[in-house]
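Note that the numbering runs from 1 along the sequence shown for the chain. These numbers were taken from a predicted model, which means no experiment stands behind them.
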Amino acid sequence: QVQLVESGGGLVQAGGSLRLSCAASGPIFTINTMRWYRQAPAKQPELVAAITQDSTITYGEAVKGRFTISRDNAKNTLYLQMNSLKPEDTAIYYCTADIRESPSSTYAYTKWGQGTQVTVSS
């Protein structure tokens with residue numbers, strides 16, 4: 001079974017940086033788009049950034065210019081470099097991956113990680 005494991009969250013002061021990682025493992029033929037979402041308490045999930053297999057990137061308006069998404073296809077790993085962090089960036093961050101498990105798989109399905117907490121103090 002495919003698993004996504006996030007790491008790198010923690011507590012940081014405003015203006016600081018963190019780097020999140022998300023490693024995918026299991027029966028994977030290919031991973032299409034990978035994304036980072038975040039959810040703050042009592043708020044709806046928000047798309048932070050997305051990156052396609054050929055590295056086309058999209059950022060949410062709230063993080064443009066501060067966060068950088070990247071991926072290592074050979075390692076099936078997704079990254080999020082977060083700089084100039086603000087208290088409003090505090091949330092649980094989730095990675096997702098659109099996965100095809102075999103060459104015969106017609107469709108990709110979206111797998112979610114368990115989330116990692118990011119807390120930014122003022």
Side-chain angles (χ1 to χ4, degrees):
Q1 188 168 355
V2 173
Q3 287 189 320
L4 299 182
V5 178
E6 296 109 332
S7 60
L11 174 64
V12 64
Q13 288 189 331
S17 298
L18 284 173
R19 188 187 194 217
L20 305 184
S21 299
C22 172
S25 62
I28 297 170
F29 171 64
T30 188
I31 302 178
N32 298 336
T33 301
M34 302 183 82
R35 303 172 183 87
W36 288 102
Y37 285 90
R38 67 186 182 186
Q39 187 169 23
K43 291 191 175 181
Q44 294 292 322
E46 174 189 16
L47 177 66
V48 175
I51 182 169
T52 65
Q53 194 173 33
D54 63 357
S55 295
T56 299
I57 290 172
T58 303
Y59 290 105
E61 286 297 325
V63 306
K64 280 183 179 177
R66 300 187 298 122
F67 291 11
T68 302
I69 190 173
S70 62
R71 63 190 285 175
D72 184 332
N73 291 330
K75 296 181 180 180
N76 287 334
T77 300
L78 177 69
Y79 304 99
L80 185 69
Q81 178 66 44
M82 305 186 293
N83 298 328
S84 302
L85 283 161
K86 305 174 181 180
E88 51 264 44
D89 295 317
T90 295
I92 299 175
Y93 284 70
Y94 299 90
C95 70
T96 74
D98 296 343
I99 292 169
R100 288 179 62 200
E101 291 191 1
S102 72
S104 61
S105 301
T106 305
Y107 302 103
Y109 68 90
T110 301
K111 183 73 177 179
W112 285 71
Q114 83 287 352
T116 186
Q117 177 71 47
V118 171
T119 303
V120 184
S121 63
S122 57

message: Donor-acceptor check, side chain of Gln44 to backbone of Gln39, threshold 3.5 angstrom: yes or no?
response: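 No; judged by distance alone, with no hydrogens or angles, the pair does not exist.
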- prompt: Looking at Glu6 and Cys95, what are the two nearest heavy atoms and their distance?
  reply: OE2-N, 2.8 Å
message: Ignoring hydrogens, what is the shortest heavy-atom contact between Gln117 and Ala91? Give both atom names and the distance.
response: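 Looks like NE2-O, 3.4 Å.
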query: Can Gln53 and Thr30 be said to form a side chain to side chain donor-acceptor pair (under 3.5 Å), step by step?
result: CA-CA 9 Å; Gln53 194 173 33; Thr30 188; 2.6 Å; yes
- line: With Arg71 as partner, the option from Thr77, Ile31, Asn76 fulfilling side chain to side chain contact (heavy atoms under 4.5 Å, CB included) is Ile31
- prompt: Only one of Asp89, Val63, Leu20, Thr58 forms a side chain to side chain contact (heavy atoms under 4.5 Å, CB included) with Val48, so which one is it?
  reply: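 So, applying the side chain to side chain contact (heavy atoms under 4.5 Å, CB included) to Val48 and each of Asp89, Val63, Leu20, Thr58, only Val63 qualifies.
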query: Is it true that Lys111 and Asp98 have a side-chain N and a carboxylate O under 4.0 angstrom from each other?
result: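 Asp98 and Lys111: not salt-bridged.
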To the nearest 0.5 angstrom, please state how far the [atom1] atom of [X] sits from the [atom2] atom of [Y].
| X | Y | atom1 | atom2 | result |
| --- | --- | --- | --- | --- |
| Gln114 | Ser7 | CD | OG | 9.0 Å |
| Leu18 | Leu85 | CG | CG | 5.5 Å |
| Met34 | Leu78 | CE | CG | 4.5 Å |
| Ser17 | Gln81 | OG | CD | 5.5 Å |

message: Taking the side chain as everything from C-beta on, heavy atoms only, tell me whether Val2 gets closer than 4.5 Å to Glu101.
response: yes
message: Both conditions, 6.0 Å and 45 degrees, for the charged tip of Arg100 above the ring of Tyr107: are they met here?
response: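 No, cation not above the ring by the 6.0 Å, 45° rule.
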message: Centroid separation under 6.0 Å, is that true for the rings of Phe67 and Trp36?
response: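 No.
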